[in-house]
Amino acid sequence: MEEAKRRRYDRQLRIWGEHGQARLESCKVCLLHCGPTGVETIKNLVLGGIHSFTLVDDALVTPRDLGNNFFVHESDLGKGRAAAVAARLHELNASVAGAFVDESVDVVVEQNPDFFADFDVVVASRIPMKTLAKLDAACRARDIALVALDTLGLVGTVRLSKTEHRVLEAKPEETDFDLRVNAPWPALLDFAARFAGGGPGGELGPGLTDAQRAHIPWAVTLVNVVEGLGMRDAPASAWTADRRAAAKAAIKAALRAPAPTGAGASASELERALGDAALPENATEALAAARHAWKPPGAVPPALAKTLSDPRLDALDADAPHFWFLLAGLRAFLRGDGAEDGAAPAPSLASGVMPLEGSIPDMTSTTEWYVELQRLYREKADADADAVLRRVKTFLRAAGKPEDAVTPEEARFFCKHAAHARAVRWRSVADERAWADGAGAALAAKLADPDATAAWCAARYVVARAVDVFRETRGRYPGAPPETAPAASCDVDGDAESLRSIVETTLGAIGAEADRARTGDLEAMVVEAVRCAGGEPHAVAAVLGGMGAQEVIKLVTGQFEPEAHTLVYDAAKAVTAAVL
């Protein structure tokens, strides 16, 4: 990567790396409707360095745009909004190509769905559900990701859609190292034995100086402690409270520095007074990490076990992505199918042992010992990845694909992140619009959720859907005059009553209590929806734009887990919740 580009994108490179940035820089994004929500989203992506953007909008800049869209100016009044926005987006990042199309979004979706075939992601802002359903069908047919955003007063929604998105680099906030100190492989056991007199589990550090003993890596200490207690490969249930206490006592005894010769009773008294504070740093680290001694080695995460039960694994064909072949190889590895040592297959996936991830945490040690320990873990991880790859080749052959279609590098990268492998699939917009495929039942359940935030956001979504129906049938937002006659007056009370009726119908359609529309929170939300008259405040749109851009980046880079549900944001309460 060029040095100038590295400096420009320095902070984000630290998050998703050069390979993630390369994917972002090859991404082509289409934005439908250049209102503030959509423009804020594309602005964030342009700053991030996408390949190109195309704006589709036939609207002209109006005085109302000047109040909530920072990418149009007074000099743009009466001109094409897409052209004005495109010019100013280009000023943010000259390396991003931009284009615009002065056409109606509805016309493009209806008459030219192949237009979207050139894009990786389509961002749809403020598109009615009827049009959105057709757009979603067109995107799914072409394997294009769709991100739909809407801002209605102080409420916003974010909704992703794609047939399937595969996650490997999930990058969870909390992770734990898999060190296998209680189930060491021969090379690790031999390395640990070098620090113990009489073999693994013997006296730790004989023949070493006090300084050397204070630099024994804590992983080595734990291997020897487990061996000394005879607990190698012991089940978690065998690690009783007494056993755990014994392991910690053994760590202290093994690494506590002996009192200087001739120091007398005063040194022993001082040591007793200091307690654990007198322990060397590597002993303190070993005590803090003692859980690794009784942690199940290479346990299969529940989420991964669910992914490994996906029917797709039993129907691999030549068109299946490598992700599924690698998962099939991993499943065979966990089961012990095709093991070269003739070991018996595991009784279940849950009892299998994951391929070693291969990284180790920082720990007090000499450079020489730490580098050697790193090498041992890396070599074991490579050996496990090769074992997975051997099984992958079997599935490739069965599907009529060449054995080298999946490279050793791919297999190693997959095994490094395999614990978080997941396939995300979304309900189609058409099904959500019709309350099909469980959408209605899911929303009704959220309305009755004991979590007040979830129930509140579900109610917000009901009103938002009612507004969409109102807009589709009347050609305007409730509380707002028709776009063709902006100076016309509006029957606010009549719109509120119509919206209540639609909310009642919606509640009945999903199996919820229809009379709730005229009481409590829903009644207040209906009045607020009419009062906001389809307004799109910039402060709310900017938050939605940030959320939308984040989801696009997740989809494009293949990192982090994208939102799998329709997300509702309430700016008044500053809360979010997934409702479908």
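This chain uses plain numbering: 1 for the first residue, then up along the sequence.
- In this structure, C457 and V575 approach most closely via the heavy-atom pair SG-CG2, 4.1 Å.
- To the nearest 0.5 Å, atoms CG (L373) and CE (M363) are separated by 5.5 Å.
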- Message: K28 vs D120, test: salt bridge (charged side-chain N to carboxylate O under 4.0 Å, His left out). Steps then yes/no.
- Response: CA-CA 5 Å; K28 299 176 182 179; D120 300 292; over 6 Å; no

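- Looking at C139 and L135, their side chains come closer than 4.5 Å, going by heavy atoms from C-beta outward.
- Taking the side chain to side chain contact (heavy atoms under 4.5 Å, CB included) definition, one finds that T54 meets it with A99, V101, F115, F119, sequence neighbours left out.
- The closest donor-acceptor contact from the side chain of D310 to the backbone of K306 lies at 3.5 Å or more, if one exists at all.
- When side chains are defined from C-beta on, V123 does not count as touching L32, because their heavy atoms never get closer than 4.5 Å.
- Partners of T307 by side chain to side chain donor-acceptor pair (under 3.5 Å), not counting sequence neighbours: none found.
- With rounding to the nearest 0.5 Å, the separation of CH2 in W435 from CZ in R465 is 4.0 Å.
- Within the model, atoms CD of Q21 and CZ of R8 stand 9.5 Å from one another, a figure rounded to the nearest 0.5 Å.
- Every pair passing side chain to side chain donor-acceptor pair (under 3.5 Å) that includes a residue from residues 439-459 is listed here, sequence neighbours excluded: W456-D570.
- Separating the CG atom in L189 from the CG atom in N224 is a distance of 8.0 Å, to the nearest 0.5 Å.
- Residues meeting the side chain to side chain contact (heavy atoms under 4.5 Å, CB included) test with P402, sequence neighbours left out: D404, A405.
- A donor-acceptor pair shorter than 3.5 Å cannot be found between the side chains of W369 and Q374.
- Rounding to the nearest 0.5 Å places SG of C415 at 9.5 Å from CG of D382.
- R391 contributes a side-chain N or O that, together with a main-chain N or O of A387, makes up a donor-acceptor pair within less than 3.5 Å.
- Side-chain polar atoms of E561 and H165 form no donor-acceptor pair below 3.5 angstrom.
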Distance-only check: which donor-acceptor pairs under 3.5 Å involve side-chain atoms of residues 44-53, not counting sequence neighbours?
| unit_1 | atom_1 | unit_2 | atom_2 | d |
| --- | --- | --- | --- | --- |
| N44 | ND2 | E40 | O | 3.1 |
| N44 | ND2 | G545 | O | 3.3 |

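- For the pair W239 and R244, the tightest heavy-atom approach, listed with the atom from each and the gap, is O-NE, 3.2 Å.
- Between the side chain of T557 and the backbone N or O of I553 there is at least one donor-acceptor pair closer than 3.5 Å.
- In this structure, E563 contributes its side chain and H565 its backbone to a donor-acceptor pair below 3.5 Å.
- Partners of A117 according to the side chain to side chain contact (heavy atoms under 4.5 Å, CB included) rule, which considers only residues two or more places apart in sequence or in another chain, are R142.
- Minimum interatomic distance between V181 and A219 (heavy atoms only, all atoms of both residues): CG1-O, 3.7 Å.
- R166 and E164 are joined by a salt bridge, as a carboxylate oxygen and a charged side-chain nitrogen come within less than 4.0 angstrom of each other.
- Considering only heavy atoms from C-beta on, Y370 comes within 4.5 Å of I360 through its side chain.
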- Where do E379 and R375 land on the salt bridge (charged side-chain N to carboxylate O under 4.0 Å, His left out) test, with the steps shown first? CA-CA 6 Å; E379 288 176 352; R375 178 183 59 79; 3.0 Å; yes

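- Salt bridge status for E372 with R194: present, with a side-chain N to carboxylate O gap under 4.0 Å.
- With hydrogens and angles ignored, the 3.5 Å screen pairs a side-chain donor or acceptor of D317 with a backbone N or O of A320.
- Side-chain contact between W218 and L179: present, with at least one pair of heavy atoms (C-beta onward) separated by less than 4.5 Å.
- Taking the six-membered ring for Trp and thresholds of 30 and 60 degrees, Y377 and W185 have ring planes more than 60 degrees apart, a perpendicular arrangement.
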- Task: Please lay out, stage by stage, how L330 and F414 fare under the test side chain to side chain contact (heavy atoms under 4.5 Å, CB included).
- Result: CA-CA 9 Å; L330 173 63; F414 174 84; 4.0 Å; yes

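- Judged as a side chain to side chain donor-acceptor pair (under 3.5 Å), and not counting sequence neighbours, T157 has no contacts.
- The minimum heavy-atom distance between S237 and T240, with the atom names listed, is O-CG2, 4.2 Å.
- Nearest approach of H420 to L168, heavy atoms of both residues: CB-O, 4.1 Å.
- The closest side-chain donor-acceptor pair between R433 and S428, if any, does not fall under 3.5 angstrom.
- Defined by atom type and a distance below 3.5 Å, a donor-acceptor pair is missing between the side-chain atoms of T37 and S125.
- Pairs passing the salt bridge (charged side-chain N to carboxylate O under 4.0 Å, His left out) check and including a residue from residues 179-189, sequence neighbours excluded, read D178-R180.
- Under the side chain to side chain contact (heavy atoms under 4.5 Å, CB included) criterion, T576 pairs with M547, L567, Y569, not counting sequence neighbours.
- In terms of the side chain to side chain donor-acceptor pair (under 3.5 Å) criterion, residue partners of K380 (sequence neighbours excluded) are, by chain and number, D384.
- Checking side-chain atoms of R232 against main-chain N and O of L229 turns up no donor-acceptor pair under 3.5 Å.
- The nearest pair of heavy atoms linking L188 to L376 is CA-CD1, 4.4 Å.
- Under 4.0 Å is where a charged nitrogen must lie from a carboxylate oxygen, and between R412 and D386 at least one such pair does.
- Using a distance-only test at 3.5 Å, with no hydrogens or angles considered, no donor-acceptor pair links the side chain of D431 to the main chain of D437.
- Counting heavy atoms from C-beta on, the side chains of H292 and D176 come closer than 4.5 Å.
- Every pair passing salt bridge (charged side-chain N to carboxylate O under 4.0 Å, His left out) that includes a residue from residues 354-365 is listed here, sequence neighbours excluded: E357-K416.
- Rounding to the nearest 0.5 angstrom, the gap separating the CG atom in L92 from the CD1 atom in I42 is 11.0 Å.
- In this structure the side chain of V121 reaches within 4.5 angstrom of the side chain of V147, judged on heavy atoms.
- Using modelled atom types, one side-chain atom of K171 and one backbone atom of I15 make a donor-acceptor pair closer than 3.5 Å.
- Between L389 and P408 the shortest side-chain heavy-atom distance falls below 4.5 Å.
- S365 has its side chain out of reach of N282: every pair of non-hydrogen atoms, C-beta onward, lies at least 4.5 Å apart.
- Checked by atom type and distance alone, the side chain of Q559 never pairs as donor or acceptor with a backbone atom of K554 at under 3.5 Å.
- With respect to R14 and D10, a salt bridge is recorded, a charged nitrogen being found less than 4.0 Å from a carboxylate O.
- R140 meets the side chain to side chain donor-acceptor pair (under 3.5 Å) test with D136, S161; sequence neighbours excluded.
- Of the possible polar contacts, none joining the E18 side chain to the L13 backbone as a donor-acceptor pair under 3.5 Å is found.
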